Amino acid sequence: MNLREHEHRDGYKVWLSSSEIDQLVEAAPNASASIAFALGARCGLRSQEIADVTPKDIHDTDAGWILRVRGKGDKYREAWISDELVTRIQTAADFRAEPDHY
């Protein structure tokens, strides 16, 4: 874990290292939790933003994949998202869309 004291107020900025993020995502109890942890830790999304993510929020740009979500106060936030996480989100949505009959 990384700590840095705030310059103009009391307290610390705290963030995880890349290896700690990897450990967190790998420790998730299921695929949905793993995606949620990755969206929070790697993309900086808030809990409500994570819950609302769908494949339609993912956009392919000249700079790579961008996740565009509605944030606080109806403002949009954009974050870079990895190819691997894009695939996992799209796959999870495909499984959710499957009918319950066999």
Side-chain angles (χ1 to χ4, degrees):
M1 181 173 4
N2 298 289
L3 296 169
R4 183 181 304 155
E5 195 169 352
H6 285 289
E7 292 180 21
H8 303 289
R9 64 179 184 169
D10 290 338
Y12 293 88
K13 294 180 183 182
V14 181
W15 67 97
L16 300 175
S17 68
S18 293
S19 63
E20 289 169 326
I21 292 171
D22 291 342
Q23 290 174 3
L24 174 69
V25 172
E26 290 172 12
N30 56 52
S32 294
S34 175
I35 291 169
F37 291 175
L39 286 169
R42 294 196 172 115
C43 299
L45 269 57
R46 297 174 177 97
S47 58
Q48 187 57 51
E49 294 166 344
I50 292 169
D52 293 340
V53 167
T54 67
K56 70 178 179 175
D57 299 320
I58 301 168
H59 304 276
D60 191 8
T61 71
D62 292 342
W65 293 106
I66 298 293
L67 183 64
R68 186 175 300 130
V69 295
R70 187 170 295 228
K72 287 173 108 176
D74 287 333
K75 295 179 184 176
Y76 280 92
R77 297 181 63 211
E78 293 183 340
W80 175 85
I81 185 170
S82 69
D83 294 342
E84 182 263 338
L85 192 48
V86 167
T87 300
R88 293 177 63 205
I89 291 168
Q90 292 170 336
T91 302
D94 288 346
F95 279 104
R96 243 183 268 129
E98 292 292 320
D100 289 335
H101 62 283
Y102 296 93

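Being a predicted model, the structure only gives us computed values, none of them experimental.
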Please report the interatomic distance [atom1]([X]) to [atom2]([Y]), rounded to the nearest 0.5 Å.
X   : Y   : atom1 : atom2 : result
I89 : D94 : CD1   : CG    : 12.0 Å
L16 : L24 : CG    : CG    : 6.5 Å
S19 : E26 : OG    : CD    : 10.0 Å
Y76 : D57 : OH    : CG    : 8.5 Å
W65 : D60 : CH2   : CG    : 4.0 Å
L85 : Q90 : CG    : CD    : 10.0 Å

Salt bridge (charged side-chain N to carboxylate O under 4.0 Å, His left out) contacts touching residues 30-39 (sequence neighbours left out): none
Can you tell me which residue pairs pass the salt bridge (charged side-chain N to carboxylate O under 4.0 Å, His left out) test with a partner in residues 3-19, sequence neighbours excluded? none
Those residues that, when tested against [X], pass salt bridge (Lys or Arg N to Asp or Glu O under 4.0 Å) (two or more places apart):
X   : result
E84 : R88
D74 : R70
E20 : none

Side chains of residues 37-47: which donor-acceptor partners sit under 3.5 Å, not counting sequence neighbours?
| residue | atom | partner | partner atom | Å |
| --- | --- | --- | --- | --- |
| R42 | NH2 | D22 | OD1 | 2.3 |
| R46 | NH1 | E49 | OE2 | 3.3 |

Any link between Y12 and M1 through a network of hydrophobic side chains (Ile, Leu, Val, Met, Phe, Trp, Tyr) touching at under 4.5 Å? yes
Same cluster (ILVMFWY, side-chain, under 4.5 Å), I50 and V25: no
Minimum side-chain heavy-atom gap V53-V69 below 4.5 Å: yes
